[in-house]
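Taking it in order: structure first as structure tokens, then the write-up.
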Amino acid sequence: MRPCSRLAPLMPPILAPLLAALALAGCAGQSMTATAPANAAGMKFAVISVQGPQPETAQKFQILLDEAARRRGFEIVPAASPGEAVRVNAYLDAHTAADGKAGFTWVLDASGDGRNRAARVNGAAASDRPGGTPWSALDEAAMRQIAEAGLTDLLRRLSGAPGAAAPGSEDEAQ
């Protein structure tokens with residue numbers, strides 16, 4: 001079964017233009033990069049929640065995720081806005097790795113309605129900072145890396161496009 005046909009019943013109509021454009025790009029032999037989905041112009045994007053870090057850190061991550069989506073042409077809307085949008089729940093975790101440095105794992109779940117998941121991507125990011133208090137190592141650079149890799153993979157997953165996962169992410173089949 002093709003990846004697109006497996007996810008198609010879960011996709012709301014708002015995702016159809018993005019899926020079609022990205023599928024055509026895949027047919028042309030292009031792989032998605034951090035800047036590839038400029039054809040998301042006009043589509044709505046909303047972060048429902050960021051779970052894991054303290055509220056201030058969660059808010060900073062949401063801002064960076066919104067910025068990454070805006071660079072790809074999405075229109076950023078509030079989570080409670082009516083109508084269809086790519087709605088994302090983000091989950092972040094910080095831990096001390098075996099080498100004593102801080103590390104982070106992340107998951108992004110996307111849906112059209114905020115309830116029925118259409119795609120999930122996850123990954124990990126390492127820090128050069130000591131892991132005694134790993135959340136303190138989650139700085140803007142680490143959050144930006146997670147947001148960029150997560151959104152790149154999420155768009156690839158939603159489109160069903162083949163291609164390598166973004167650095168720091170894991171390709172998780174659904």
Side-chain angles (χ1 to χ4, degrees), residues 2-28 30-53 55-92 106-123 125 140 142-163 165-166 168-174:
R2 296 181 332 183
C4 288
S5 62
R6 179 174 44 133
L7 292 175
L10 301 175
M11 299 293 163
I14 189 87
L15 295 178
L18 175 65
L19 295 176
L22 291 174
L24 290 174
C27 292
Q30 299 173 354
S31 62
M32 288 186 62
T33 64
T35 58
N39 50 10
M43 292 186 61
K44 295 179 180 177
F45 180 89
V47 177
I48 296 172
S49 70
V50 177
Q51 297 181 21
E56 307 83 41
T57 304
Q59 184 177 22
K60 287 178 189 176
F61 181 74
Q62 179 173 342
I63 290 167
L64 293 172
L65 193 58
D66 284 347
E67 287 174 3
R70 189 175 290 113
R71 280 191 297 278
R72 288 163 173 80
F74 280 101
E75 173 188 344
I76 309 305
V77 297
S81 67
E84 296 181 6
V86 175
R87 299 183 190 280
V88 174
N89 283 301
Y91 307 93
L92 303 174
W106 52 268
V107 174
L108 297 181
D109 283 337
S111 67
D113 60 11
R115 293 180 302 274
N116 299 307
R117 182 177 18 168
R120 169 178 270 192
V121 294
N122 63 19
E140 184 172 332
M143 288 190 279
R144 191 173 301 280
Q145 175 189 359
I146 293 167
E148 292 292 337
L151 196 54
T152 296
D153 278 1
L154 188 58
L155 287 170
R156 185 179 51 81
R157 171 73 61 199
L158 287 171
S159 73
S169 65
E170 301 169 3
D171 194 302
E172 178 176 327
Q174 291 296 308

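The first residue in the sequence is number 1, and the count goes up from there.
Shortest non-hydrogen contact noted between Pro78 and Ala46 is O-CB, 3.9 Å. Of all heavy-atom pairs between Ser81 and Arg87, the closest is O-NH2, 3.0 Å. Taking both residues in full, the closest heavy atoms of Ala147 and Ala68 are given as O-CB, 4.4 Å, listed atom of the first, atom of the second, then distance. Taking all atoms of both residues into account, the shortest heavy-atom contact from Val47 to Ala79 is O-CB, 3.3 Å.
Ion pair Glu67/Arg144 flagged as a salt bridge, since at least one NZ, NE, NH1 or NH2 atom sits closer than 4.0 Å to an Asp/Glu carboxylate oxygen.
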Mind running side chain to side chain contact (heavy atoms under 4.5 Å, CB included) on Ile63 and Met143 for me, showing each step along the way? CA-CA 10 Å; Ile63 290 167; Met143 288 190 279; over 6 Å; no
One pair to check against side chain to side chain contact (heavy atoms under 4.5 Å, CB included): Val88 and Leu65. What are the steps and the verdict? CA-CA 10 Å; Val88 174; Leu65 193 58; 4.2 Å; yes
Check the pair Asn122 / Tyr91 against side chain to side chain contact (heavy atoms under 4.5 Å, CB included), numbers first and verdict last. CA-CA 9 Å; Asn122 63 19; Tyr91 307 93; over 6 Å; no
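Proximity of Val50 to Leu92: side-chain heavy atoms (C-beta onward) are separated by under 4.5 Å at one or more points. For the pair Val77 and Phe45, the minimum side-chain heavy-atom distance is 4.5 Å or more. Residues Leu151 and Arg72 are in side-chain contact: their nearest non-hydrogen atoms beyond the backbone lie under 4.5 Å apart. The shortest side-chain heavy-atom distance between Phe61 and Asp66 does not fall under the 4.5 Å cut-off.
Of the N and O atoms on the side chains of Ser49 and Asn89, at least one donor lies less than 3.5 Å from an acceptor on the other residue.
Around atom CD of Gln59, no more than 12 heavy atoms belonging to other residues, nucleotides or ligands sit under 6.0 Å away.
If you take CG on Leu108 and OG1 on Thr152, they are separated by 10.5 Å, rounding to the nearest 0.5 Å.
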